[in-house]
Peer 1: 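My structure is below; once you've seen it, I'll send some questions.
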There are 2 protein chains.
Amino acid sequence: MPDDIKVNRRAGGLSRGQIIAAAIEVLDETGEEGLTFRVLASRLATGPGTLYWHIANKEDLLAEAADVMVRALPAPMGAPAEAIPQIALWVYDLLDAHPWLGGPLTRTPPPLALLRLYEALGRQLQALQVAPDRQFTGATLLGSYILSESRQNAANRAIGQDRTTFLDEVAASWQALDATDFAFIRSLSARLSSHDDRAEFLGGIALILNGLR
Amino acid sequence: MPDDIKVNRRAGGLSRGQIIAAAIEVLDETGEEGLTFRVLASRLATGPGTLYWHIANKEDLLAEAADVMVRALPAPMGAPAEAIPQIALWVYDLLDAHPWLGGPLTRTPPPLALLRLYEALGRQLQALQVAPDRQFTGATLLGSYILSESRQNAANRAIGQDRTTFLDEVAASWQALDATDFAFIRSLSARLSSHDDRAEFLGGIALILNGLR
DNA sequence: GACTCGTGTGGAACGGCGTTCCATATAGCG
DNA sequence: CGCTATATGGAACGCCGTTCCACACGAGTC
């Protein structure tokens, strides 16, 4: 299966692209754990064995699905100092709408989808005239923060129940911790459920950019 | 199974602590995927069903194992500006020695082990006189960067082969990317295999602290 | 137009997983 | 000395990713 260019000669034949598109549908509907080869095969009206002719394994499938999503990253507009928060928010909203992306994006080695993100961030750092030996650190820092926060936020709402009630429960469990061992955590718990996530998130981005200057 | 205080009355009885200790042994030897209830049970000379009397499920077991590891975090010494890199490096080395920690530490909601880490970082931020409304952002930023980098580094070496040859392969695959779409990534690939990970890592920490000032 | 062969197909089966079930054993208590 | 809650452990359940293999089809060759 060397090239994707080679199209299936069969009439109603399955293509790699169709499989990935169907996988994304299933992932959006039932999450990462809901995607199995059996349900995917039945949705495509075939058997599990057929899928393995087109894709190597589940890891491969997830990486490709993630890449499809990240390819939609729009070209940033405006000054670099504005473009970076713009990219950050785009990723934040992407993972909010498709929480399953959290898994496939954070693998070793970094999947292509993640490289696209780093590329976009790195270019803005270059445009910001960040010193070359700081670009690596800066891109890594931005990327890890963006992904970690987006993942966390996405996971919060993937639980199924309402996001605010979930955060309230977490805050309550933090309040129940030992008062001396977890003084700082407890002081955070009030802030946890009331704060504006996106504003908080953008604050972190601004902090990084501030440090890069 | 309300309290841990209640000790097994049986002679050679199994305790929750013994199970967790054995689990950590298996995890250190064979990684997260190597830990199954069957191998854990056979190591403890019992059946899988017995384990479920003492622990709720695998997630519970992993969270508790992670907590045991993070509890060993030493009390930071010296000025706060030195204590934070100190904590960061401790986590970095911990995950380097026990790569399986990467998984259990990054769950939703944040496991107790992770809260311990945030507590330690937050206290240093307070000592650094960081404004209260920036402590949350700062701790989150530090935590996400420390964990992400440590995880990445740990995963690199968990592959089995030598770390440098692994990074060389990654660098080569980056060089093979499209020259215009991935100009920034390609410019990074040279730096990837030659750089000093720990120095790079500390550079990122310094950058965050710089931004907080 | 028949033959053939590489390209696809799909359902059964494999081995392993987390977890549950249940018959059984044991230790403390009335 | 029974009784009962505690604790055990092996069998079994349902599901997973993946492999296997018998088979169908479409295009090139004579």
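Bear in mind the structure is a predicted one, so any value in this text is a computation, not a measurement. We name chains A, B, ... by the order of the sequence lines, and we start the count at 1 in each one.
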Peer 1: Working note: A:Tyr145 + B:Tyr145, criterion ring pair (Phe, Tyr, Trp, His ring centres under 6.0 Å); need CA distance, chi angles, decisive distance, verdict.
Peer 2: CA-CA 6 Å; A:Tyr145 180 67; B:Tyr145 180 67; over 10 Å; no
Peer 1: For DNA chain C, find the residues of residues 32-45 of chain B with a heavy-atom distance under 4.0 Å and give them by number; none if there aren't any.
Peer 2: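 Per residue number, the list reads B:Leu35, B:Thr36, B:Phe37, B:Arg38.
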Peer 1: Tell me the interatomic distance from A:Trp53, atom CH2, to D:dT19, atom C1', rounded to whole angstroms.
Peer 2: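 Rounded to whole Å, this separation is 14 Å.
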Peer 1: Could you run down the sub-3.5 Å N/O contacts of the protein with nucleotides 22-24 of chain C?
Peer 2:
none

Peer 1: Could you check if a side-chain atom of A:Leu61 sits within less than 4.5 angstrom of a side-chain atom of A:Glu64, using non-hydrogen atoms only?
Peer 2: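 Of all side-chain heavy-atom pairs linking A:Glu64 with A:Leu61, none is under 4.5 Å.
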Peer 1: Using 0.5 Å steps for rounding, measure from the CE atom of B:Met77 to the CD atom of B:Gln86.
Peer 2: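 If we round to the nearest 0.5 Å, B:Met77:CE and B:Gln86:CD are 5.0 Å apart.
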Peer 1: Considering only residues two or more places apart or on different chains, which pairs with a residue in residues 86-98 of chain A satisfy salt bridge (Lys or Arg N to Asp or Glu O under 4.0 Å)?
Peer 2: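 Every pair satisfying salt bridge (Lys or Arg N to Asp or Glu O under 4.0 Å) with a residue in residues 86-98 of chain A: A:Asp93-A:Arg198, A:Asp96-A:Arg157.
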Peer 1: D:dT18 C1' sits how many Å from A:Ile55 CD1, rounded?
Peer 2: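 Taking atom C1' of D:dT18 as the reference, CD1 of A:Ile55 is at 11 Å.
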Peer 1: Run the side-chain donor-acceptor check on residues 176-184 of chain B: report pairs under 3.5 Å with partners two or more places apart or on a different chain.
Peer 2:
from	atom 1	to	atom 2	distance (Å)
B:Asp178	OD2	B:Thr180	N	3.0
B:Asp178	OD2	B:Thr180	OG1	2.7
B:Asp178	OD2	B:Asp181	N	2.8

Peer 1: Does any residue of residues 21-28 of chain B have a heavy atom under 4.0 Å from DNA chain D, and if so, which ones, in number order?
Peer 2: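 Listed by number, there are none.
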Peer 1: Of all the heavy-atom pairs spanning A:Tyr118 and A:Ala139, show the shortest one and how long it is.
Peer 2: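 Smallest interatomic distance, heavy atoms only, reads CE2-O, 3.2 Å.
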Peer 1: Give a yes/no on whether any side-chain N or O of B:Thr46 is located under 4.0 angstrom from OP1 or OP2 of D:dG9.
Peer 2: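 Yes, such a contact exists.
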Peer 1: Nearest whole angstrom, please: distance from the C1' of C:dT9 to the CG of A:Leu51.
Peer 2: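 About 11 Å, once rounded to whole Å.
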Peer 1: For A:His54 and C:dG8, give me the distance from atom NE2 to atom P, rounded to whole Å.
Peer 2: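 For the pair A:His54 NE2 and C:dG8 P, the rounded distance is 7 Å.
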Peer 1: Between A:Phe136 and B:His195, what is the ring plane arrangement, given parallel below 30°, perpendicular above 60°, and tilted in between?
Peer 2: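 Aromatic pair A:Phe136/B:His195 classed perpendicular.
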Peer 1: Between B:Gln135 (side chain) and B:Gly122 (backbone), is there a donor-acceptor pair under 3.5 Å?
Peer 2: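 It does not hold such a pair.
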Peer 1: Taking the side chain as every heavy atom from C-beta outward, state whether B:Val70 and B:Leu105 have any atom pair closer than 4.5 Å.
Peer 2: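 They are in side-chain contact.
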Peer 1: Roughly, in whole Å, what's the span from OH in B:Tyr52 to P in D:dA11?
Peer 2: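 Distance check: B:Tyr52 OH to D:dA11 P gives 17 Å.
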Peer 1: From CG of B:Asn57 over to P of C:dT20, roughly how many Å is that when rounded to an integer?
Peer 2: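 Those two atoms, CG and P, are 8 Å apart.
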Peer 1: Just to be sure I understand the rule, does B:Thr50 reach a base, reach only the sugar-phosphate, or reach nothing, if contact means heavy atoms closer than 4.0 Å?
Peer 2: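 Result for B:Thr50 = base.
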Peer 1: Please state how far atom NZ in A:Lys58 lies from atom P in D:dT18, giving the value in whole angstrom units.
Peer 2: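 The answer, rounded to whole Å, is 8 Å.
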Peer 1: Between side-chain atoms of residues 40-49 of chain B and protein atoms elsewhere (two or more places apart, or another chain), which donor-acceptor pairs fall under 3.5 Å?
Peer 2:
from	atom 1	to	atom 2	distance (Å)
B:Ser42	OG	B:Val39	O	3.2
B:Arg43	NH1	B:Glu25	OE1	2.8
B:Arg43	NH1	B:Glu29	OE2	3.4
B:Arg43	NH2	B:Glu29	OE1	2.8
B:Thr46	OG1	B:Thr50	OG1	2.9

Peer 1: Taking atom types as modelled, find out whether A:Glu200 and B:Thr137 have a side-chain donor-acceptor pair closer than 3.5 angstrom.
Peer 2: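 Present: a donor and an acceptor within the cut-off.
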Peer 1: Between P on C:dG8 and CZ on A:Arg16, what's the gap in Å once rounded to a whole number?
Peer 2: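 Roughly 13 Å, once rounded to whole Å.
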